[in-house]
Amino acid sequence: MDIRLCDELFEKISNGTKTVEIFPNDEQMKHFGVGDTLAIHRESDDEDVILTSAWSIKKCRTVTELYQRYTPEAIGMTAGEFSQIYDADTVKKQGLLAVKMKVLKPNYE
């Protein structure tokens, strides 16, 4: 799976502080599982990519539950910042998937 992240979050993954990526628990994520590869592209330069492997996937029903399991540093943002990205209705209907990542290889170094 390929995703694009803003430069700030990309750098947090690159330096090892952001270890969890969050997705809505939707149809697109239905077949994503532990061991699958996630290619994370830098928004400002699509050629900068970090390959990661999903080594844990946890379902969370609410943002509160998400932040009880993981620190803001691991997620890469505060709960308030996160709530600006995902609206409450989407979270309530679909829930969230917290994918704990292991960096395999950055290809921009």
Side-chain angles (χ1 to χ4, degrees):
M1 174 189 288
D2 288 81
I3 64 168
R4 281 170 183 65
L5 289 180
C6 69
D7 290 1
E8 179 184 353
L9 293 178
F10 185 92
E11 288 299 326
K12 288 178 179 182
I13 292 170
S14 178
N15 70 26
T17 57
K18 179 175 170 49
T19 58
V20 178
E21 185 57 41
I22 310 302
F23 297 94
N25 189 12
D26 61 11
E27 195 63 30
Q28 181 180 356
M29 292 301 293
K30 185 176 184 180
H31 300 290
F32 190 80
V34 171
D36 287 352
T37 301
L38 181 61
I40 302 168
H41 298 261
R42 183 191 301 265
E43 189 174 64
S44 68
D45 184 352
D46 199 48
E47 305 235 347
D48 285 355
V49 180
I50 299 172
L51 294 179
T52 66
S53 176
W55 64 274
S56 171
I57 300 174
K58 301 288 184 193
K59 293 180 183 178
C60 298
R61 294 184 210 209
T62 66
V63 174
T64 301
E65 181 182 349
L66 175 67
Y67 280 86
Q68 287 173 342
R69 287 184 181 213
Y70 303 100
T71 65
E73 291 77 25
I75 296 169
M77 64 187 81
T78 66
E81 292 167 326
F82 183 84
S83 294
Q84 293 176 2
I85 297 170
Y86 290 104
D87 67 87
D89 287 340
T90 300
V91 174
K92 186 175 182 179
K93 287 177 188 174
Q94 298 177 342
L96 300 167
L97 291 178
V99 178
K100 186 113 168 112
M101 305 173 291
K102 176 182 177 188
V103 173
L104 300 175
K105 179 184 173 196
N107 80 342
Y108 59 89
E109 294 179 337

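In this structure, Glu73 does not pair ionically with Lys12, as no charged nitrogen and carboxylate oxygen lie closer than 4.0 Å.
Evaluation of the ring pair (Phe, Tyr, Trp, His ring centres under 6.0 Å) test over residues 79-103, restricted to residues two or more places apart or in two chains, returns Phe82-Tyr86. Sorted by first and then second residue, the ring pair (Phe, Tyr, Trp, His ring centres under 6.0 Å) pairs involving residues 17-76 (not counting sequence neighbours) form an empty list.
In this structure, NZ on Lys92 lies 12.0 Å from OG1 on Thr90, to the nearest 0.5 angstrom. The distance from the CG atom of Asp2 to the CD1 atom of Ile40 is 10.0 Å, given to the nearest 0.5 Å. If you take CD1 on Ile75 and CG on Leu96, they are separated by 9.0 Å, rounding to the nearest 0.5 Å. Between the CD atom in Glu21 and the CD1 atom in Ile3 there is a gap of 4.0 Å [rounded to 0.5 Å].
Looking at Val20 and Lys100, their side chains come closer than 4.5 Å, going by heavy atoms from C-beta outward. Side-chain contact between Val103 and Thr52: present, with at least one pair of heavy atoms (C-beta onward) separated by less than 4.5 Å. Side-chain contact between Gln28 and Met1 is present, with at least one heavy-atom pair separated by less than 4.5 Å.
Between Pro72 and Thr78, the closest heavy-atom pair is CB-CA, 4.3 Å. The two atoms that bring Ser44 and Asp7 nearest to each other are OG-OD2, 2.8 Å, heavy atoms only. The two atoms that bring Ala54 and Gly33 nearest to each other are CB-O, 3.8 Å, heavy atoms only. Closest of all the heavy-atom pairs between Leu51 and Ala39 is CD2-CB, 3.7 Å. When every heavy atom of Thr62 is checked against every heavy atom of Val91, the shortest pair comes out as CA-CG1, 4.1 Å.
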Verdict with reasoning, Met77 to Ile85, per side-chain contact (heavy atoms from CB on, under 4.5 Å): CA-CA 11 Å; Met77 64 187 81; Ile85 297 170; 3.6 Å; yes
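Checked against Arg42 for a side chain to side chain contact (heavy atoms under 4.5 Å, CB included), the options Leu9, Ile13, Leu5, Asp48 give a single hit: Asp48. For the side chain to side chain contact (heavy atoms under 4.5 Å, CB included) test with Asn25, the passing option among Lys30, Lys59, Arg61 is Lys59; the others fail.
Here Arg69 pairs with Glu65 under the salt bridge (charged side-chain N to carboxylate O under 4.0 Å, His left out) rule; sequence neighbours left out.
Listed for the Asp26 side chain is a donor-acceptor partner under 3.5 Å among the backbone atoms of Met29.
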